[in-house]
Each structure stands twice: as structure tokens, then as C-alpha cells.
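Any value given below was found using the heavy atoms of this structure, including those in side chains, with hydrogens, waters and symmetry copies removed. Every chain is numbered from 1 and lettered A, B, ... according to where its sequence line falls, protein lines coming before strand lines.
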Number of protein chains: 2
Amino acid sequence: MARRSEHSLEEIKEMILKAAEDIIVMDGLQALKVRRIALEIGYTVGTIYMVFENMADLIMHVKGRTLDELGDFLDEYSPDVPSDQQIVILAKKYLEFANQNYNLWSMIFEHRLSKDQAIPEWYQDKVDQAFVRIEKLLAQLAPGYEQPYVHSAARAIWSGVHGICILSLTDRLSYVEIQKIERNIMLLVENFIRGWVLTSESNH
Amino acid sequence: MARRSEHSLEEIKEMILKAAEDIIVMDGLQALKVRRIALEIGYTVGTIYMVFENMADLIMHVKGRTLDELGDFLDEYSPDVPSDQQIVILAKKYLEFANQNYNLWSMIFEHRLSKDQAIPEWYQDKVDQAFVRIEKLLAQLAPGYEQPYVHSAARAIWSGVHGICILSLTDRLSYVEIQKIERNIMLLVENFIRGWVLTSESNH
DNA sequence: ACCTGAACACCGTTCAAGT
DNA sequence: ACCTGAACACCGTTCAAGT
């Protein structure tokens, strides 16, 4: 025992994160235990505390990964359509990601760190990267509003899309059910934009 | 010890729920432990299992209570204002409740029961009572749309309001910060309604 | 019948001890 | 230096034993 050096610390860290993700995808966040991760990667519990401070730290890193994946997924949007349709497409992609990766996605919002623990800066950056990027994309599509107002509108409509997702989605829905949610998202986004553009025009 | 009969089972149940609520309000759901509840009500842990199946059962009852309180609070809305303003007022009241009772309110959405446990019927009824009532109120304000379409729109805009709340709120925000969130809610609701009424008019 | 509290299984975390 | 695994504190839940 001890001093195996079969894997570098970086490799072990990667193995742990991969194992944790697998467990969450299969059985949800509640099924994530140190001993199970240890078993899955062929090390003992102590090893996990070599590369992560504690469980909360490990979970934050899994959440960070999911945010990265979400960002990458949303970047694959197709820019060869009318502006107002792009928002709908982006919103649909968000729904698709949330549905396909439900246990990982919902974990981002379910898990709250205890009051004394501050949100790590690197994590907050990832949140910003994922969501502010969305807001920027939406803001590009805006008519001649003032910058801060555009930002608010983007944030409002995007929160709205997220609200529909979080209240509608459960573990794994059928295609028909997803289509219903898609229609609700379109309802919200299209009517909002229609009302918004209308106000813009009457201002000029 | 044993056979005290100082309180009826109903009284004990009430004491437990009250203690649990107090703990959650003060220190959040994570601070809720059987032993702490037992200490607070002056009984031992075994007693709690006389009136509740387990912790999950107890938590569901606390969530049910919060839903009742939320419903009562929203019923205090003032009907002596223009229809389109009523939605905004209702949405603002929702934000107010969520902010004032943050730990209880967020618990409704944070806590997920393990996969094997089904949602109790009485709890699902309370959810419907709280949220479908909102949807009905919103639906009343609608122009001459078809019934199912009105219902979808109500659900969409209400999910949107909830989305803004869930992404904006944290433990206890200042009055200024709450006002910012209020403005985002108004932005979403007012523009949605404007766009929606517009479509309605062009259909007739 | 009502309530206790020791006992159990399981959890995250630590750290002296091995190589 | 790297890794183990026993030990600790704490958790939810049970149930034989008291009155």
C-alpha cells in the first residue's frame, strides 16, 4: 500500500470528476458519496482529499464543468437566421441541454453552499461566462435602446426562459412533453420581443 | 420517563412543525436535524417518528405549510386597479413573499425527494392550489383568446416571473436591490402583455 | 399507550502510519 | 512523497424496554 504513483495528481483529479459526474448522471446528486467515488476510481477516500478540499469543493468543480459544457453547447447556435428567431433558437437549445443533462443541470441550481462558505471567484467567472454571454447575444438583437436597458431586458427574458425550464422539467420527459415546453418558451419570448420592439418604435 | 401525555399527538405534530420552521428560517434547510428539533420541543428523537414517517415526510409538511402561507399572502391582492396592473402587483407580491421568507420559499424548489419516493397527493394539491390559482387570476385578465391558449400564456408569464425571482434572490437583499428585481419583473410582464394583446387584436 | 435512549448503519473528514 | 484505512464526530432511523 501507499506510494503507487500510477497516476499524477492531475490524472486523479480528472478521474474523480469523471466518476462524480457519472454517479450524478445515473443516480442524482444525493447518490454522490466519497466512498463510492473512491471505489469507482480504485483509490481510497483519503486520496480524494489530496486533490479536493472537501465534498463542497468537489461539487463546485462538477458544477463548473457543467457550466463549461452548457456554454460550449449554446455556442453551436446557427447565426444564419433572422435576429428574433435566434433568441428562440438559443432558448430551445437551453431547454434541450437542460433536458438531456437534467441531473447535472438541475444540480447547478439545487446545490447551495453553506452560509459561511463564499462562492469561489473562478466559479462566479464561469457563471458569468455562461449567462452573460447569453445576455450579450440577446443584447445584439436589440433595437435602439440604451445599453443598460438592453442588458436588463436580456436578463429578464433569459430568466423567464430559465423559469419555464425549471418549473416544467423533471427527470426525463418524452418528446411530446418537451414540445409543449418549447411552445411555452416561444410564447414567452415572441410576445416579449413583439411588445419590446413596439415600445422601442414608439420611442423614436 | 415515558407515558408523559403532556401533549396530544396533534399538539406534538404542531410543535415539531413550528420548531422545524424556526430552524429553517434562522439557519436554512441544511441546519434541520432530528436531534435539534427534539431538543427544541423537549422530547427525544423517537417521539418525532411517532407523528412523522421520516425526515422527508416532515420536510414535505413544512413545504406544504409554506405553500399555504404563500397562497394566503397572494390572496390579499387589491382588485381595485386596472387589469394589466393586477398581474404586475401579483408578481411583486410573489417577489415580496419570496424575499421575506427566503429560506422557506427557496426550500420548495431546492428540496427534491429521492427517486423512489412519489410526491404525496395532498402535497401536489397544495402546489396546484397555490400556482393554478395564480394562473386562473392571470387568465381572467386575458382578451378573447381560446381557453387553453390563455392557460399556456398564464403559465408562461408566471414561470417567467418565478425565473427572475429564483435567479435574482439570495439570502436577504436590500430594498434597493429588490427594487431592481421589481423593475425586471415589470419589464418582462408589461412587454409580454403588450405583445400578447397586440396579437390578440390583430387576430380579430 | 406513550415515550425513552441505546444501538445501528452510514456519512464526511482527519491523520498517524506504512512504503 | 504518495496513499492507506482505522478512527472520529455526526447523521437518520429503529425498537426493546421502561412506566
Checklist entry - Is A:Asn99 reaching over with its side chain to a backbone N or O of A:Leu95, donor-acceptor style, under 3.5 angstrom? => result no
Item to check | N/O donor-acceptor pair under 3.5 Å between B:Arg194 side chain and B:Val189 backbone | outcome: no
Checklist entry - For A:Leu58, which contact category applies under a 4.0 Å heavy-atom criterion: base, sugar-phosphate, or nothing? => result nothing
Next on the checklist: Using 30° and 60° as the class boundaries, would you call the ring planes of B:Tyr94 and B:Trp105 parallel, tilted or perpendicular?
Outcome noted: perpendicular
Checklist entry - To the nearest angstrom, how far is A:Leu39 atom CG from D:dG5 atom C1'? => result 14 Å
Checklist outcome for this item: Separation of C:dT14 atom P from A:Asn54 atom CG, nearest Å, is 7 Å
Checklist entry - What are the two closest non-hydrogen atoms of A:Arg112 and B:Ser106, and how far apart are they? => result NH1-OG, 3.1 Å
Checklist entry - Quick one, which residues of residues 6-30 of chain A touch DNA chain C with a heavy atom under 4.0 Å? => result none
Checklist entry - Expressed in angstrom and rounded to an integer, what is the separation of A:Met50 atom CE from D:dA1 atom C1'? => result 8 Å
Item to check | Phosphate OP1/OP2 of D:dT4 contacted by A:Arg4 side-chain N/O (<4.0 Å) | outcome: yes
Checklist entry - Dot-bracket for DNA chain C, 5' to 3', with Watson-Crick and G-U pairs under 3.5 Å, [ ] for crossing pairs and | for other-strand pairs: what is it? => result ||.|||||...|||||.||
Item to check | Sugar-phosphate only, base, or nothing, as touched by A:Ile37 at under 4.0 Å among non-hydrogen atoms | outcome: nothing
Checklist outcome for this item: Taken to the nearest whole Å, OH/A:Tyr49 to C1'/D:dC8 is 13 Å
Checklist entry - With under 30° as parallel and over 60° as perpendicular, where do the rings of A:Phe109 and A:His162 fit, or are they tilted in between? => result tilted
Next on the checklist: Side-chain N or O of A:Ser5 versus OP1/OP2 of D:dA1: is the shortest distance under 4.0 Å?
Outcome noted: no
Checklist outcome for this item: Between CE of A:Met55 and C1' of C:dC11 the distance, given in whole Å, is 9 Å
Next on the checklist: Using whole Å, what does the distance between atom P of nucleotide D:dT14 and atom CZ of B:Arg35 come to?
Outcome noted: 13 Å
Item to check | Heavy-atom donor-acceptor pair, A:Asn184 side chain to B:Ala156 backbone, under 3.5 Å | outcome: no
Item to check | B:Ile24 versus B:Leu32, closest heavy-atom pair with distance | outcome: CD1-CD2, 4.1 Å
Next on the checklist: Just the rounded figure in Å: distance from P of D:dT4 to OH of A:Tyr43.
Outcome noted: 7 Å
Checklist entry - Taking 4.0 angstrom as the limit, do B:Arg65 and B:Glu14 come out as a salt bridge? => result yes
Item to check | Phosphate OP1/OP2 of D:dC2 contacted by A:Thr47 side-chain N/O (<4.0 Å) | outcome: no
Next on the checklist: Rounded to whole Å, please give me the gap between CD1 in B:Ile41 and C1' in C:dT4.
Outcome noted: 13 Å
Next on the checklist: Once side-chain hydrogen bond (donor to acceptor under 3.5 Å, both in side chains) is applied, do any residues pair with B:Asp125, and if so which ones, sequence neighbours excluded?
Outcome noted: none
Next on the checklist: So if I take every side-chain heavy atom of A:Val45 and compare against D:dC3, D:dA6, D:dT14, which nucleotide ends up nearest?
Outcome noted: D:dA6
